[in-house]
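Shown next, in structure tokens, is the structure this report addresses.
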Amino acid sequence: MGDIKRHLANVTLVVRDYDEAIDFYTKKLDFELIEDIDLGEEKRWVLVAPNNGQCNILLGKAVGDEQKAAIGNQTGGRVFLFLHTSDFWGDYNLMKEKGINFKEKPREENYGTVVVFEDLYGNLWDLLQLTS
């Protein structure tokens with residue numbers, strides 16, 4: 001493919017409600033609201049991202065039973081997203097103060113410091129600071 005450069009721009013996260021999801025990601029995880037555009041017919045284009053993020057999360061309001069069933073279980077119980085940080089303990093302590101539910105105690109692995117947490121719907125995330 002030569003000199004072609006590609007990257008993931010957005011990943012969709014199925015949510016129950018736009019505003020509650022925006023509130024969680026911007027107030028509990030300190031993400032930035034990148035865009036919130038009304039598309040009509042109760043649809044919105046809502047992008048959030050961590051500061052200096054390389055990929056946005058598109059908050060997609062679930063429509064229909066199949067999508068509603070995926071809320072909080074987009075990966076069948078596996079860790080879904082990986083939030084890398086350069087300040088693990090600062091982020092961890094701030095998230096704890098804001099009521100984030102951690103599924104375990106932080107641990108040191110050969111690749112870095114990591115802990116699993118849940119978002120507002122129960123999707124699992126890794127908070128991760130890589131070793132060098």
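As the structure is a computational prediction, the values presented were derived from the model and not from experiment. Along the sequence shown, the residues carry numbers beginning at 1.
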Do the charged groups of R44 and D19 touch, with an N to O distance under 4.0 Å?
yes
So does E109 pair up with R107, basic N to acidic O under 4.0 Å?
yes
So, using ring pair (Phe, Tyr, Trp, His ring centres under 6.0 Å) as the criterion, who are the partners of F31 when residues are at least two apart?
Y25
Would you mind reporting whether I37 and L47 have side-chain heavy atoms less than 4.5 Å apart?
no
May I ask you to say whether K98 pairs ionically with D30, meaning some side-chain N is under 4.0 Å from a carboxylate O?
yes
Please check if any side-chain donor atom of T113 sits under 3.5 Å from a side-chain acceptor atom of E108, or the reverse.
yes
Pairwise side-chain contact, E118 with L124, heavy-atom cut-off 4.5 Å (strictly under):
yes
Side-chain contact, heavy-atom cut-off 4.5 Å: D17 with V15?
no
Would you mind reporting whether F117 and M95 have side-chain heavy atoms less than 4.5 Å apart?
yes
Counting C-beta onward and ignoring hydrogens, is there a side-chain heavy-atom pair between W125 and V116 closer than 4.5 Å?
no
Would you find a donor on one side and an acceptor on the other, under 3.5 Å apart, between the side chain of Y18 and the backbone of L59?
no
Are N110 and T131 side-chain neighbours, meaning at least one heavy-atom pair lies under 4.5 Å?
no
Ignoring hydrogens and geometry, is there a side-chain-to-backbone donor-acceptor pair from N73 to G77 under 3.5 Å?
yes
Are N123 and L13 close enough that some pair of their side-chain heavy atoms sits under 4.5 Å apart?
yes
Please name all residues satisfying ring pair (Phe, Tyr, Trp, His ring centres under 6.0 Å) with F88, sequence neighbours left out, ordered by chain then number.
Y92
Suppose the criterion is salt bridge (Lys or Arg N to Asp or Glu O under 4.0 Å): which pairs have a residue in residues 123-132, not counting sequence neighbours?
none
Close side-chain approach of K28 to I100, heavy-atom, < 4.5 Å
yes
